[in-house]
There are 2 protein chains.
Amino acid sequence: MSNNTSIYLVKLTEFFERLPGIGKKTAQKLAFSVLKMSKESAHDFANAIINAHEKVRYCSQCYNFTDKEICDICTDNSRDKSIICVIEDTRDLEAIEKTHEFTGLYHVLHGVISPLNGIGPDEIRIKELLTRINNINNTKIKEIIMATNPTVEGEATSMYISKLIRDPEIKITRLAYGVPVGATLEYADEVTLSRALLGRNEI
Amino acid sequence: MSNNTSIYLVKLTEFFERLPGIGKKTAQKLAFSVLKMSKESAHDFANAIINAHEKVRYCSQCYNFTDKEICDICTDNSRDKSIICVIEDTRDLEAIEKTHEFTGLYHVLHGVISPLNGIGPDEIRIKELLTRINNINNTKIKEIIMATNPTVEGEATSMYISKLIRDPEIKITRLAYGVPVGATLEYADEVTLSRALLGRNEI
């Protein structure tokens with residue numbers, strides 16, 4: 001936005017523009033929508049930013065976002081603490097929780113090893129996972145489920161981590177590959193299809 | 001976002017989700033990006049929202065956004081105050097200013113007449129335009145340029161307004177229709193092309 005308008009509007013637009021995936025036009029639209037909010041909403045929005053920034057932190061055990069020392073999933077006694085599902089991102093946690101199929105704990109890596117982007121093993125929470133497996137107080141870990149994304153980097157990260165876990169008593173598994181439910185074979189890519197063939201099950 | 005994370009993060013995500021054009025996934029991404037900001041940036045962002053909301057208002061003359069009583073364009077003495085360009089939205093003002101072709105003043109309608117969406121002539125700044133034309137203190141208005149969008153609603157709004165301005169001394173014009181510069185005729189729609197033909201100029 002140029003200087004034909006209020007400097008306060010320009011500043012707000014700039015802030016929106018700095019957010020990921022927000023271009024100039026969208027930033028403008030968002031800034032205008034803030035002007036149209038009620039005074040209360042605008043203040044609540046501003047407070048939400050400050051509160052989230054101040055109070056949200058990583059769970060010291062699984063690195064999910066939480067406002068406590070240890071997150072609700074890690075402290076939930078109804079969950080199976082002997083299974084850890086390793087994921088790239090908190091959003092993957094949400095996706096898996098929605099299935100209601102998994103009752104173990106998580107470990108959020110916050111990224112994948114990606115040498116091209118300058119992300120080595122030390123940039124993501126791998127060390128913390130290993131420490132966690134070794135130092136666990138009461139429960140012995142029985143299984144680690146590798147649930148990184150089925151991309152080259154996700155695969156490589158899974159492989160890297162599974163090689164570091166040398167405990168023969170810990171089973172290391174990964175999500176099944178196959179054709180997505182509801183999809184048509186015609187449109188499945190060859191790699192997915194060949195994985196689906198290799199992993200075929202008896203019915 | 002579910003309750004597997006911090007309530008503060010959920011709240012912030014909800015605020016982003018209420019903004020226009022922001023879906024659930026994007027809201028989540030934006031909320032995460034706020035967490036990654038520096039403390040200073042997060043506070044500046046929150047303040048930008050409050051400041052913009054408190055200080056930005058409509059110019060009492062042209063209804064552009066400003067933080068003064070009358071905006072910088074309206075008070076700029078180098079501009080031709082006898083020409084008013086009527087536009088739908090402040091963003092159109094930015095677009096026209098970028099051309100550096102127009103040195104008159106603006107009038108922002110903040111919408112178009114759209115009975116289907118329940119927007120009648122009283123919902124947009126038409127009355128204010130008429131009052132402005134009649135009450136102008138020093139300068140006599142010579143020309144009103146209708147620069148609403150070339151849509152059915154934009155056209156209808158232009159027609160409606162031009163009929164209300166009964167002063168024979170005021171010339172009412174509108175933007176030329178035609179093929180966009182740099183476009184290929186092949187891909188121009190028939191209406192645009194026929195307008196371009198009708199409006200052809202001698203070279």
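All values reported here derive from a predicted model rather than from experimental measurement. In what follows, chains carry the letters A, B, and so on, assigned in the order in which the sequence lines appear, proteins first and then strands, with residues in each chain numbered from 1.
- The shortest distance between side-chain heavy atoms of B/Phe15 and A/Asn47 does not fall below 4.5 Å.
- Proximity to chain A involves both the backbone and the side chain of B/Lys39, based on heavy atoms less than 4.5 angstrom apart.
- Between chain A and the options B/Lys29, B/Arg91, B/Glu14, heavy-atom pairs under 4.5 Å are most frequent for B/Arg91.
- Annotation for A/Ala42 and B/Ile49: closest pair O-CG2, 3.5 Å, computed over non-hydrogen atoms.
- Here the side chains of B/Leu30 and A/Phe16 are not in contact, with every heavy-atom distance at 4.5 Å or above.
- Heavy-atom minimum distance, A/Leu12 versus B/Ala52: CD2-CB, 3.7 Å.
- Judged by distance alone, the side chain of B/His53 and the main-chain N or O of A/Met37 form a donor-acceptor pair under 3.5 Å.
- Taking the side chain as every heavy atom from C-beta outward, B/Phe45 and A/Ile50 never approach each other to under 4.5 Å.
- Most heavy-atom pairs under 4.5 Å with chain B, from the set A/Cys71, A/Ser41, A/Ala46: that is A/Ala46.
- Nearest heavy atoms, B/Ser6 versus A/Val56: OG-CG2, 3.5 Å.
- Between B/Asn51 and A/Leu9, every side-chain heavy-atom pair lies at or beyond the 4.5 Å cut-off.
- Comparing B/Thr26, B/Leu35, B/Ile22 by how many heavy-atom pairs each has under 4.5 Å with chain A, the most go to B/Leu35.
- Proximity to chain B is absent for every atom of A/Asp76, based on heavy atoms less than 4.5 angstrom apart.
- Inter-residue side-chain proximity for A/Tyr8 and B/Thr66 is flagged as unmet; no heavy-atom pair is nearer than 4.5 Å.
- The greatest number of non-hydrogen atom pairs below 4.5 Å with chain A, out of B/Cys59, B/Gly21, B/Ser38, is found for B/Ser38.
- With a threshold of 4.5 angstrom between heavy atoms, B/Ile7 approaches chain A through its backbone and through its side chain.
- Looking at B/Ile73, the atoms closer than 4.5 Å to chain A (heavy atoms on both sides) all sit in the side chain, from C-beta outward.
- Ranking A/Arg18, A/Arg57, A/Lys55 against chain B, the residue ahead of the rest is A/Lys55, based on heavy-atom pairs under 4.5 Å.
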